[in-house]
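Each chain gets a letter, A, B and so on, in the order its sequence line appears, and its residues count up from 1.
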2 protein chains.
Amino acid sequence: MKISTKGRYALRMLVDLAEHRSEGYTALKTIAERQGISKKYLEQIVPILNRTDILLTNRGFQGGYQLGREPSEITVGEVLRLTEGSLSPVACIGPNEIVNCDRSVDCPTLPIWKGLDKVIHDYLYSVTLQDIIDQSNEHFADDYMI
Amino acid sequence: MKISTKGRYALRMLVDLAEHRSEGYTALKTIAERQGISKKYLEQIVPILNRTDILLTNRGFQGGYQLGREPSEITVGEVLRLTEGSLSPVACIGPNEIVNCDRSVDCPTLPIWKGLDKVIHDYLYSVTLQDIIDQSNEHFADDYMI
DNA sequence: TTGAAAACCTACTAAACCAGTAGTATTATA
DNA sequence: TATAATACTACTGGTTTAGTAGGTTTTCAA
C-alpha cells in the first residue's frame with residue numbers, strides 16, 4: 001500500500017516548478033539537481049504528465065517545462081492518478097464500475113474498499129499544489145502521529 | 001497503492017469466522033473452500049494473525065480456528081496493519097517517527113503524506129468486523145463512484 | 001495404539017513490478 | 001552548425017507477490 005517513486009517524483013517536480021514559476025521554463029536537469037532525482041528517470045515520468053495540460057514544454061536550446069495551470073488548479077489526486085495509474089486500494093474497484101471478480105455481487109468486504117477508496121480520493125483531490133507551497137491544507141495542521 | 005492478497009484474504013477469513021462463530025472451531029480447509037482461496041496460501045497468512053489474540057487455535061483432529069475477540073473488537077486497521085506490515089503510503093512515515101530520508105526536515109510534500117496517512121488510518125481503525133457483517137459503518141452508505 | 005485429520009514449518013518458484021540506466025533521435029536557438 | 005535541450009525505446013538487476021510443495025507435529029476417536 002505504497003505510493004511509488006513515479007508519483008512522488010512527479011509531485012516533487014511539480015511542486016518545484018510551482019515554487020519557481022516566475023522563472024519561466026526550467027530544464028529537467030535543473031529540477032533533477034534541485035530535487036536530487038535521476039534526470040533520466042524523470043524523463044520517463046514527464047511524458048505521463050505531458051499528455052495533459054498540466055505541463056507546458058519547450059524543446060531545444062534553453063527549453064524546459066513550466067506549469068500549464070495555476071498551482072491552485074492542480075490537485076495531488078490528479079497527479080497521482082496519472083502517474084500511479086489508479087488510486088483505488090483494490091483491483092476490483094475501477095473507474096466507473098466493478099471489475100475482475102465474480103464474487104463482487106455478494107462480497108461482504110467490498111464496502112470496506114469502497115469506503116477506503118472514497119476517503120483517499122476525497123483527501124487527495126482536496127489538496128492542491130498551492131496548498132503544498134503554503135502548507136495550508138486543513139488536514140496538514142494536526143499533530144497526528146502513528 | 002494496492003492492498004495485497006495477504007491483507008484481503010486475512011480479512012475475508014476473519015469475516016468468514018465472524019459469520020460462523022456460533023459453530024466453534026472451523027478448519028482452514030472449510031474456510032478456504034467457502035472463500036475460494038488456496039488453503040496452502042492461507043496457512044501462511046494465519047500465523048501472522050495467530051501471534052496476536054485475534055485467533056484461537058485447536059490443533060489435531062477436529063481442530064481449527066475461531067475468533068479470540070468479539071467481531072466488534074477487531075478493526076480492519078488492526079488486521080491490515082498486521083498482514084501488510086505498514087499502512088503508511090510512503091516509506092518515510094513509520095511508526096512513531098520519520099525515517100529513511102535526509103530531506104524530510106524540509107520536504108514540502110511530507111505534510112501530504114502525513115495527511116493521507118491520517119485519513120487512511122482513521123478510516124480503517126473505525127471499521128470493525130461487526131460493521132462488515134452488519135454492513136453498517138457510516139462510510140458504507142454512500143453511493144460514491146469514482 | 002494407531003490412523004486420520006488437523007495445524008505448523010520451511011523451502012522453493014514463476015511472474016510481475018520497481019527503479020532505474022543506456023543509447024539514440026529529434027528539435028530549437030544562438 | 002554546434003550545442004543544449006526534450007523525446008523515444010530498449011534493457012536490466014533487484015524485490016515483491018502469490019502462490020506450490022513437502023514434510024513434521026499434535027490431537028482425537030475408534
Side-chain angles (χ1 to χ4, degrees), chain A residues 1-13 17 23-52 54-68 80 83-86 89-92 100-101, chain B residues 1-13 17 23-52 54-68 80 83-86 89-92 100-101:
Chain A
M1 188 66 175
K2 291 275 184 286
I3 302 285
S4 73
T5 51
K6 248 183 191 168
R8 289 186 285 114
Y9 289 177
L11 207 51
R12 281 169 61 187
M13 173 182 174
L17 283 176
E23 301 165 21
Y25 287 92
T26 305
L28 210 52
K29 189 189 174 195
T30 308
I31 300 168
E33 280 168 2
R34 278 201 293 243
Q35 294 295 322
I37 297 172
S38 153
K39 182 203 153 204
K40 273 296 194 183
Y41 190 35
L42 261 190
E43 267 182 10
Q44 276 176 66
I45 297 171
V46 165
I48 303 170
L49 304 172
N50 221 0
R51 290 197 295 266
T52 71
I54 290 178
L55 282 181
L56 295 176
T57 303
N58 254 351
R59 298 184 64 168
F61 187 79
Q62 286 189 331
Y65 303 94
Q66 73 179 79
L67 293 184
L80 294 183
T83 49
E84 297 288 303
S86 161
V90 289
C92 55
N100 281 344
C101 182
Chain B
M1 190 66 178
K2 290 277 186 283
I3 302 284
S4 73
T5 51
K6 248 184 190 166
R8 289 187 284 116
Y9 289 178
L11 208 50
R12 281 169 61 186
M13 173 183 173
L17 282 176
E23 300 165 22
Y25 287 92
T26 305
L28 209 52
K29 188 187 175 197
T30 308
I31 300 169
E33 281 169 1
R34 278 200 292 242
Q35 294 296 323
I37 297 172
S38 153
K39 182 203 157 205
K40 274 295 194 182
Y41 190 34
L42 261 189
E43 268 184 6
Q44 277 175 65
I45 297 171
V46 165
I48 303 170
L49 305 172
N50 221 3
R51 289 197 296 266
T52 71
I54 290 178
L55 282 180
L56 295 177
T57 303
N58 254 351
R59 296 184 65 170
F61 188 79
Q62 287 188 332
Y65 302 95
Q66 73 180 80
L67 293 184
L80 294 182
T83 49
E84 298 287 303
S86 160
V90 289
C92 55
N100 282 344
C101 182

Those residues at least two apart in sequence (or on a different chain) that pass side-chain hydrogen bond (donor to acceptor under 3.5 Å, both in side chains) with B:Q35 are B:R12, B:D16
Pair up each side-chain donor or acceptor in residues 54-67 of chain A with any protein partner under 3.5 Å, not counting sequence neighbours, and list the distances.
{"unit_1": "A:T57", "atom_1": "OG1", "unit_2": "A:N50", "atom_2": "OD1", "d": "3.1"}
{"unit_1": "A:T57", "atom_1": "OG1", "unit_2": "A:N50", "atom_2": "ND2", "d": "3.0"}

Rounded to whole Å, CD1 of A:I48 lies from P of D:dT9 at a distance of 14 Å
Heavy-atom nearest pair, B:T26 first then B:T30, reads CG2-CB, 3.9 Å
Residues at least two apart in sequence or cross-chain that pass side chain to side chain contact (heavy atoms under 4.5 Å, CB included) with A:K29, listed by chain then number, are A:E33, A:K39
Between the CZ atom in B:R8 and the SG atom in A:C92, the distance rounded to the nearest 0.5 Å is 6.5 Å
Those residues at least two apart in sequence (or on a different chain) that pass side-chain hydrogen bond (donor to acceptor under 3.5 Å, both in side chains) with B:T83 are none
Nearest heavy-atom approach of B:L42 to B:M13 is CD2-SD, 4.2 Å
Residues at least two apart in sequence or cross-chain that pass side chain to side chain contact (heavy atoms under 4.5 Å, CB included) with A:Y41, listed by chain then number, are A:T5, A:K6, A:Y9, A:S38, A:Q44, A:I45
Here the distance between atom C1' of D:dA18 and atom CD of B:Q35, to the nearest Å, is 17 Å
Table of protein N/O atoms under 3.5 Å from nucleotides 2-5 of chain D N/O atoms:
none

Here the residues of residues 37-44 of chain A within 4.0 Å heavy-atom distance, strictly under, of DNA chain C are A:S38, A:K40, A:Y41, A:Q44
Nearest heavy-atom contact between B:L49 and B:A10 is CD1-CB, 4.1 Å
Across all chains, not counting sequence neighbours, the salt bridge (Lys or Arg N to Asp or Glu O under 4.0 Å) partners of B:K40 are B:E43
Numerically ordered, the residues 3-13 of chain B set in heavy-atom contact under 4.0 Å with DNA chain C is none
Of all heavy-atom pairs linking A:E84 and A:K2, the shortest is OE1-O, 4.3 Å
In the 5' to 3' direction, the nucleotides of DNA chain C bounding the stretch that comes under 4.0 Å of a heavy atom in chain A are C:dA19 to C:dA30
